[in-house]
Amino acid sequence: MSLRRREVAVRGYRELAEQLRQRIDAGEFLSGQTLPRIVDLIDEYDLSRQTVREAIGVLADEGLVVTMGKGGTIVRNRTRVRIPLSRYTRVLAPGGSKGPWETACAQQGLDGQMKVVQVARVECSDETADAMGLPSGSEVLYRRRHALIGSDDVVQIQHAWYPANVAEEAGISGDGKIVGGVYGALAAVGRTPATASEQIDSRMPTPAEATQLKISGKVPVLAVQRLTKASNGQVLELLRTTAPADRIQLTYDDLPLL
């Protein structure tokens, strides 16, 4: 059955993109819902297939939707997670049940989860060795994780490296999730993190990152590198995180100025 054609005149893909953007913002299509099929939008707005495709492409580039092939066009979850610097100190005590990501999400009523994707002993690259103050080719423990909201909304891709002896001592070299987070595990064996330095850059995602984060290749990402050290200056963790720039808000409150 044909849909009733819109009374608002839409002549080009930019106008159609604006119409659909307004409908999304008004809540007609909620996060996770599918937009009308291309054939239905053609009928609804009396436009060509190419015009409809280009309009959807604009929305995808803006991060409003994600195209899933035969799965249709899905309205993207744009819930922003506020991640304060204080997330670190709150998970230093051993025995906790939530890591930094899960703690930050819980404070906003979000179901933050951490999924382990890969754990392996590897020889670190020259770049990684230099950042960690290790000889080139040193053996390190590598952990790749996804920070999620719910069971399948990947918000962060995390790559982490640890000196092999530190990982073994802290019991974080297994394949399972570290309950309470890595910081708590390190503190439990006397390797208490003392400082965390972060470097933040913005860039466009790689094709692999765009696929994992379910974004267009034109949605910018934040690339955060965090270097954690013990009180004696030893590097305990090198973490590199990638996330859509519109999904996280890093906050640094009450930093000392003297």
Atom pair OG1 (Thr34) and CZ (Phe29), whose distance is rounded to the nearest 0.5 Å: 10.0 Å

Does Arg240 reach the main-chain N or O of Arg226 with its side chain, forming a donor-acceptor pair under 3.5 Å? no

Please verify the inter-ring angle class for Tyr142 with His159; under 30° counts as parallel, over 60° as perpendicular, anything in between as tilted. parallel

Point-to-point distance, once rounded to the nearest 0.5 Å, from SG of Cys105 to CD1 of Ile83: 7.0 Å

Shortest non-hydrogen separation from Leu30 to Val75 and the atoms involved: O-CB, 3.3 Å

Could you tell me whether the side chain of Met114 reaches within less than 4.5 Å of the side chain of Glu102, counting heavy atoms only? yes

Would you mind checking if Arg121 and Glu168 are paired as a salt bridge, meaning a charged N to carboxylate O distance below 4.0 Å? yes

CZ (Arg145) and CD1 (Ile178) are apart, to the nearest 0.5 Å, by 8.5 Å

Check the surroundings of atom CD in Glu127: do more than 12 heavy atoms from other residues, nucleotides or ligands lie under 6.0 Å from it? no

For Gln225 and Leu239: C-alpha separation, side-chain torsions, deciding distance, then whether side-chain contact (heavy atoms from CB on, under 4.5 Å) applies. CA-CA 6 Å; Gln225 176 172 293; Leu239 175 70; over 6 Å; no

Taking Asp253's backbone N and O only, do any of them form a donor-acceptor pair with Thr251's side chain (distance below 3.5 Å, no angle check)? no

Within the structure provided, determine whether Lys229 and Leu236 are in side-chain contact (heavy-atom separation under 4.5 Å). no

For Arg143, all residues meeting side chain to side chain donor-acceptor pair (under 3.5 Å), sequence neighbours excluded: none

Minimum heavy-atom separation for Ala147 and Gln158, please, with both atom names. CB-NE2, 4.2 Å

Test item: side-chain donor near acceptor, Gln19 and Glu15, under 3.5 Å: no

Student check: side-chain heavy atoms of Leu227 and Val235 closer than 4.5 Å: yes

Heavy-atom pair of closest approach, residues Leu213 and Gln156: CD2-N, 4.3 Å

Against Asp25, only a single residue in Arg21, Glu28, Gln22 fulfils side chain to side chain contact (heavy atoms under 4.5 Å, CB included); can you say which? Arg21

Has Arg14 got more than 12 heavy atoms of other residues, nucleotides or ligands less than 6.0 Å from its CZ? no

Under 3.5 Å, is there a donor-acceptor pair between the Thr228 and Tyr183 side chains? yes

I want to check something: taking the side chain as every heavy atom from C-beta on, are Val66 and Ile215 in contact at a cut-off of under 4.5 Å? no

Is it the case that the side chain of Gln108 and the backbone of Arg82 share a donor-acceptor pair, with hydrogens and angles ignored and the cut-off at 3.5 Å? yes

Take atom CD in Gln33; do more than 12 heavy atoms of anything else shown fall under 6.0 Å from it? yes

Is Tyr162 linked to Met132 within one hydrophobic cluster, defined over Ile, Leu, Val, Met, Phe, Trp and Tyr using a side-chain heavy-atom separation of less than 4.5 Å? no

CD1-CH2 distance between Ile149 and Trp101, expressed to the nearest 0.5 angstrom: 5.0 Å

Is there a donor-acceptor contact under 3.5 Å linking the side chains of Gln234 and Arg191? yes

Taking the side chain as every heavy atom from C-beta outward, state whether Arg76 and Asp246 have any pair of such atoms under 4.5 Å apart. yes

What distance separates Leu16 CG from Thr51 OG1, expressed to the nearest 0.5 Å? 8.0 Å

Would the number of heavy atoms belonging to other residues, nucleotides or ligands and lying under 6.0 Å from CZ of Arg203 be above 12? yes

Should Val39 and Arg49 be marked as a side-chain contact (heavy atoms from CB on, under 4.5 Å) after you check the CA-CA gap, both sets of side-chain angles, and the distance that decides it? CA-CA 7 Å; Val39 293; Arg49 178 178 293 272; 3.5 Å; yes

May I ask you to test the Leu20-Val65 pair for a side-chain heavy-atom distance under 4.5 Å? no

Nearest 0.5 Å, what's the CG-NZ distance between Leu148 and Lys115? 7.0 Å

